[in-house]
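Since the structure is predicted, the reported quantities are computational estimates derived from the model, not experimental observations. Along the sequence shown, the residues carry numbers beginning at 1. Just so you know, ligand 1 is whichever comes first in the structure, and atom 1 is the first atom listed for that ligand.
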Amino acid sequence: MLSSLLPIAALVVPAFAVVQPSNTTILGQYGHVPPVYPSPNATGVGGWEGAIVKARAFVSQMTLEEKADMVTGTPGPCVGNIVPILRLGFSGLCLQDGPLSIRVADYASVFPAGVSTAATFDRDLIYQRGVAMGAEFRGKGSHVALTPVASPMGRSAYAGRNWEGFSPDPYLTGVCMAESIEGIQSVGVQATAKHWVANEQETQRNPSYEADGTLIQESVSSNVDDRTMHELYMWPFANAVKSGVSSVMCSYNRINGSYACENSKSQNGLLKGELGFQGYSMSDWGGVHSGLSSIEGGLDMNMPGGIGLYGMTWGHSYFGGNVTLAVNNGSLDLSRVDDMITRIMTPYYFLGQDVGFPEIDPSGADLNTFSPKSTWLTDDFVLNGRRSRDVRADHGELIRQIGAESTVLLKNLNNTLPLKAPTSIAVFGNDAGPDTQGFYNQVDFEYGTLSSGGGSGTGRLTYLVTPLEAINAKAQIDGALVQQFLNNTLIATSDVSTLVIPTPPDVCLVFVKTWAEEAKDRQSLDLDWDGNSVVESVAAYCANTVVVTHSSGINNLPFANHPNVTAILAAHYSGQESGNSIVDVLYGAVNPSAKLPYTIALEDDDYNGLPTTSVESSDPDAWQANFDEKLEIDYRYFDAKNMSVLYEFGFGLSYSTFELASLKISKAVESIPAVADFQPTAPGGNPALWDTLYTVNATVTNTGDVSGATVPQLYVTIPGPVGTPPKQLRGFEKVFLEAGASSEVQFSLMRRDLSYWDVILQEWAVPEGNFTFAVGFSSRDIKLSASLAVL
Ligand code: BGC
């Protein structure tokens with residue numbers, strides 16, 4: 001999915017705008033981009049030692065032209081394609097989006113989005129989702145899944161793609177990355193961690209050009225200091241690399257002034273050097289702006305290759321023939337090209353993709369509007385596989401379960417939920433009913449429920465259980481009356497008592513939504529389609545108003561304390577079983593256990609880390625996003641500033657109640673040097689960073705009278721240097737308990753969990769002083785805590 005050009009954004013200054021002065025010298029305050037060359041060669045360390053031997057043998061048989069092809073995408077059946085080399089028995093690579101579905105496909109499932117997945121706080125479910133998604137990619141013949149997403153992480157509440165990723169908390173996102181990758185790769189499909197790195201806004205994500213291709217302005221530069229880079233934005237990618245992710249997609253933005261896909265510091269230095277990444281760096285689509293500089297800067301694969309963007313035609317690539325040329329004229333060392341291909345082919349062999357991998361489903365090629373057949377440059381894509389293969393299996397059940405277990409119960413006055421067999425129900429809101437925009441939606445349509453956002457992270461639905469449909473089905477069993485009002489304008493502008501039958505319903509269920517999409521940041525934190533007024537209007541009449549939001553993420557919820565709004569559920573984008581999932585929660589078949597993966601502030605103005613939405617200058621370099629807040633994003637910021645919030649990170653109610661007791665903190669090793677002894681780098685960095693230094697135990701009890709799950713969370717206060725957040729999530733465990741039952745949870749604290757990034761030493765260091773270990777049910781609901789020095 002190529003981005004739209006966004007020069008118009010420079011003219012629009014919405015209320016939340018951050019206007020950055022054009023000041024290139026400001027970069028000096030941030031991390032710098034020292035040159036880091038050469039690009040480290042892969043060694044296969046960390047489990048790929050056997051596969052790299054096969055990859056090298058493959059490379060040794062290739063001609064230079066074949067090598068150039070291997071590192072350059074080409075139009076073909078998938079959204080990204082590496083051309084087959086039939087003479088070597090290599091049938092090419094098929095790369096497909098995306099984070100919640102194999103997007104360009106028929107008969108595939110639409111899973112809950114990343115933000116929903118994170119809200120489960122359930123490692124096993126996240127892993128199972130990865131396995132099921134991986135199976136669908138494989139079933140369709142796609143070798144490489146362009147997922148999961150750790151950037152954007154959610155520096156800003158407004159960023160358009162936060163829902164594709166997981167959470168602004170790096171620890172939670174890191175766990176989600178690891179479980180997703182291990183799930184996807186367990187069925188032999190390559191996962192791609194994207195978008196590396198600090199890709200935190202959509203506005204000006206790409207350079208803007210005149211119609212004739214003349215540059216107007218470069219893409220936004222994410223200016224991040226070294227410590228913030230390590231402790232926030234790199235963190236989840238380290239988990240990804242540790243989990244053996246096959247590829248990492250470099251992002252569109254510049255990082256401290258230099259394009260991500262040619263940034264030698266980020267690719268050669270941080271990713272391949274410090275994190276020991278053994279796979280390949282793949283560009284985002286159209287994110288390459290140079291040939292040699294990108295190759296020397298660590299990029300291994302140019303996607304989609306030649307592109308039809310900015311007046312360039314398919315076949316015109318910074319790589320391709322230029323690679324051959326550069327090797328032949330001596331400006332590029334062949335050994336670098338060989339390493340690029342070795343990196344591409346090692347995970348291919350490691351995952352066994354050379355044996356019995358399914359053929360590409362031809363129906364995907366027909367659905368592919370990005371590179372339709374008319375654009376293909378080769379006859380080598382032979383699509384002999386069976387057409388329209390149904391890869392959905394029984395994934396609907398898992399999707400329904402994740403949908404329910406990711407629905408966050410924010411308010412539940414007088415235990416209004418679960419519903420007690422209501423006999424009269426009124427359903428309100430344009431998010432309740434069937435979608436009117438088709439099942440491959442890319443716009444913020446008015447009528448119909450939202451199960452996903454838009455852009456390359458969307459999915460093509462094969463069916464959608466709407467809330468209204470599922471409520472009607474349940475009501476039919478119960479013999480209940482259901483009235484429906486799906487027109488937001490009508491509801492918002494009416495006296496609702498005139499719409500509904502004279503006797504007030506037992507419950508008014510209001511479904512409201514918020515759309516978000518790739519290439520655009522959100523303009524507001526309000527619910528769309530006047531959703532806040534819809535809730536007010538219903539609540540003015542109905543004393544039992546239950547609000548359900550289907551949203552990309554943060555909404556301001558100004559009605560949260562309205563006495564007639566008895567319950568609020570944040571259901572995010574829950575995928576194709578959306579209606580069944582919400583009915584499971586509303587009626588208590590599933591006891592809610594999800595937690596907010598972000599913070600909802602009291603006021604819109606309370607949020608920091610705003611995207612740069614406008615610049616005052618026509619300087620080509622004017623777009624700068626200074627990450628001045630450093631480590632203070634989301635709860636780290638609200639805690640540091642001691643601000644009250646509406647609903648804090650980690651918060652979510654249950655139909656039961658839980659207690660915590662018996663905090664126990666144990667040292668797991670004899671002695672702890674402040675900085676780990678040197679060990680050769682392995683995937684994930686110094687292996688010692690992943691050693692457990694301490695364990696923390698607590699006993700959790702279900703003190704209510706219904707069974708259900710809860711999520712004890714461990715927050716650690718690290719006595720680090722100035723700027724260290726007051727507390728940081730360092731463990732969570734989802735525990736299911738029968739009513740009255742207890743269980744002991746254990747959190748393992750690894751060296752990285754207890755360290756800060758020392759910018760002088762260029763090492764993770766465990767500080768002296770007292771740490772606080774706090775266990776609770778949210779970032780602000782701490783039940784147990786103890787302090788001690790860990791060194
Ligand atoms: C997106 C990527 C996506 C690619 C291919 C780009 O615009 O940023 O996330 O994988 O398109 O569709």
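- Residues passing the side-chain hydrogen bond (donor to acceptor under 3.5 Å, both in side chains) test with Glu629, sequence neighbours excluded: Arg155.
- Under a 4.0 Å criterion applied to the non-hydrogen atoms of Met249, ligand 1 contributes the atoms 10 (O).
- Of all the atoms in ligand 1, the ones that sit under 4.0 Å from a non-hydrogen atom of Tyr252 are 6 (C), 7 (O), 8 (O).
- Counting heavy atoms closer than 4.0 Å to ligand 1, residue Arg205 contributes side-chain atoms (C-beta onward) but none from N, CA, C or O.
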Exercise. Show your working on salt bridge (charged side-chain N to carboxylate O under 4.0 Å, His left out) between Arg161 and Glu518 and close with a plain yes or no.
Key: CA-CA 6 Å; Arg161 298 183 79 176; Glu518 179 175 347; 3.6 Å; yes

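- A salt bridge does not link Asp528 with Arg522: every distance from a Lys NZ or Arg NE/NH1/NH2 to an Asp or Glu carboxylate oxygen is 4.0 Å or more.
- The cationic atom of Arg460 (NZ for Lys, CZ for Arg) lies less than 6.0 Å from the six-membered ring centre of Tyr440 and within 45° of the ring axis.
- For ligand 1, the atoms lying closer than 4.0 Å to a non-hydrogen atom of Lys194 are 2 (C), 3 (C), 9 (O), 10 (O).
- Note that OG of Ser552 and CH2 of Trp163 are 8.5 Å apart. Values are rounded to the nearest 0.5 Å.
- The nearest non-hydrogen atom to atom 9 (O) of ligand 1, considering only Met282, Arg103, His195, comes from His195.
- Interface of Val79 with ligand 1, defined as ligand atoms under 4.0 Å from a residue heavy atom, comprises 12 (O).
- With a 6.0 Å cutoff to the six-membered ring centre and a 45° limit on the axis angle, Lys513 counts as a cation-pi contact of Phe445.
- An N or O contact shorter than 3.5 Å links Asp97 to ligand 1 by distance.
- Every atom of ligand 1 with a heavy atom of Arg161 under 4.0 Å away is listed here by number and element: 1 (C), 2 (C), 8 (O), 9 (O).
- Per-residue contacts place Ser456 under 4.0 angstrom from the following atoms of ligand 1 (heavy atoms of the residue considered): 1 (C), 2 (C), 3 (C), 9 (O), 12 (O).
- Residues satisfying the salt bridge (charged side-chain N to carboxylate O under 4.0 Å, His left out) test with Asp444, not counting sequence neighbours, are none.
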